Amino acid sequence: MVSQRAQAIQPSGIRKMFERVASMKDPIDFSIGQPHFEVPAAIQEAAIEAIRSGKNRYTVTQGIPELNELVAGSLETRLGKKLDRTLITSGVSGGLLLSYLSLLDPGDQILLPDPHFVLYRVVAEIVGAEPVYYDLYPDFRLTRECLEAAVTEKTKVLLLNSPSNPTGAIHSVEELQIAAGFARDHDLTIISDEIYEAFCYDAPAPSVAEYSDSVLVLGGFSKTYAMPGWRLGYAAGPDELLEPMTLLQQFTFVCPNTPGQYALLQMPEVDLKPYVEDYRHKRDRLCDALANGYGPIRPGGSFYVFPPLPAGFTGEQFVEKAFERELLVVPGKAFSRRDTHFRLSFAVPDETLERGIEVLQSLTVD
Ligand code: PMP
């Protein structure tokens, strides 16, 4: 009954984790991929007002013009250049599906980072494309060599993710210039997932779109404004690509969430600095506490740390050991071909962070 496409999809490691959490009383949840704060009040109020004032119908496929203008304007400021067009999407996940459908035919190859956010691989499989990995271990830095080792004559797309899930690494200008040059030489389109762009702790994340025109930028509101359930994001880039993506959106998602789009017009009223400051503090506290025993690379952005597993543990053993102490972490295998690391999310209240640190420290001593 079920298609081969559907049969081929394996449940994600993260989902399995969510199922187990449900059985716990007061878990220390370091597995979450969403901010712990609430949607900023100005945006909440505007969403309620939008619903009350009848903003509940379909909008135009590409999203309301005012929100597109806001997104285009802030991208222009950030990138120092104007992109052809924007499209409001149903989250970055929606943008990923539309971009893969527009760029990849069955049998084409897409270069994905290893480690990577799991949707990159699964959506490739859904559209019949072949994921091929460029290896970012051990320091999560991008080199020409790691890209050249993965490219073939079937490669069509290079996917970049900075700041990264799960590593938190931010690609430097030099790395992005390498990626742009490599894509140019091999005639590849770049998809740049910049969903964690607002969460940078040492310096803003540069975008590869500053160094190449053949780039689709995917950005989101799920993390920035703590609204993953609202399903809103954006895509921006060349007309040539945005046109088919918009057409595909018309016949799949139809339009993005209407009251949410109106609520996001309040974005300029929201000061994100206190949230970012709070997460910088949490990053530093966690990385300092794990320096002995784990030695993680300090992430420049996102709200994840991706430490190596302590000696003698497989990912599964370590996750199980943490689980016995009510601490939830995600094994690196959920993001990677390797079973050498694990992912922690520090998007938690300080008190939870301290409880988790205590367990983590005890796990290397046991
Ligand atoms: N890209 C990355 C790197 C992510 O971590 C996530 C969410 N975990 C997404 C995209 C999808 O986000 P959304 O669809 O909610 O915008």
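We count ligands from 1, going down the list as the structure has it; atoms in each ligand are counted the same way. Given the structure is predicted, the values throughout are model-derived calculations rather than measurements. Counting from 1, the numbers follow the sequence of the chain as shown.
- No salt bridge links D187 with K156; every basic N to acidic carboxylate O contact stays at or beyond 4.0 Å.
- For the residue pair E175/S172, the side-chain donor-acceptor check at 3.5 Å is satisfied.
- The contact set between ligand 1 and R231, taken as ligand atoms under 4.0 Å from a residue heavy atom, comprises 13 (P), 14 (O), 15 (O).
- The protein heavy atom nearest to atom 11 (C) of ligand 1 is S93 OG, 3.4 Å.
- Looking at L218 against ligand 1, nothing comes within 4.0 Å, counting heavy atoms.
- Counting heavy atoms only, K223 comes closest to atom 8 (N) of ligand 1 of the residues K223, H116, E194, Q34.
- Between Y294 and F318, the two ring planes are perpendicular [angle over 60°; tilted spans 30° to 60°].
- For D139, the CG atom counts as densely surrounded, since its 6.0 Å shell holds more than 12 non-hydrogen atoms of other residues, nucleotides or ligands.
- A salt bridge links K282 with D350: at least one charged nitrogen is closer than 4.0 Å to a carboxylate oxygen.
- Enclosure of atom CD in E125 by more than 12 non-hydrogen atoms of other residues, nucleotides or ligands within 6.0 angstrom is indicated.
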### Working for side chain to side chain contact (heavy atoms under 4.5 Å, CB included), residues Y134 and E145
CA-CA 9 Å; Y134 57 92; E145 292 69 38; over 6 Å; no
### Message
Test side-chain hydrogen bond (donor to acceptor under 3.5 Å, both in side chains) on T59 and Q261; report intermediate values, then the result.
### Response
CA-CA 9 Å; T59 67; Q261 290 186 67; 3.1 Å; yes
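- With a 4.0 Å heavy-atom cut-off, ligand 1 is reached by the side chain of Y120 but not by its N, CA, C or O.
- In terms of protein heavy-atom proximity, atom 1 (N) of ligand 1 is nearest to D193 OD2, 2.5 Å.
- Residue-to-ligand polar distances keep N161 apart from ligand 1: every N/O pair is separated by 3.5 Å or more.
- Note on ligand 1: G220 sits outside its first shell, no heavy atom being nearer than 4.0 Å.
- Counting protein heavy atoms only, atom 12 (O) of ligand 1 is closest to I195 CD1, 3.3 Å.
- Looking at atom 9 (C) of ligand 1, its nearest protein heavy atom turns out to be F117 CE2, 3.3 Å.
- From the protein, the heavy atom lying nearest to atom 16 (O) of ligand 1 is V92 N, 2.7 Å.
- For D105, there are no salt bridge (charged side-chain N to carboxylate O under 4.0 Å, His left out) partners, not counting sequence neighbours.
- Atoms of ligand 1 found under 4.0 Å from any heavy atom of G91 (numbered from 1 in listed order, with element): 14 (O), 16 (O).
- Contacts with ligand 1 closer than 4.0 Å are made by side-chain heavy atoms of Y196 only, the backbone lying farther away.
- When only interatomic distances are considered, the shortest N/O to N/O separation between S222 and ligand 1 falls below 3.5 Å.
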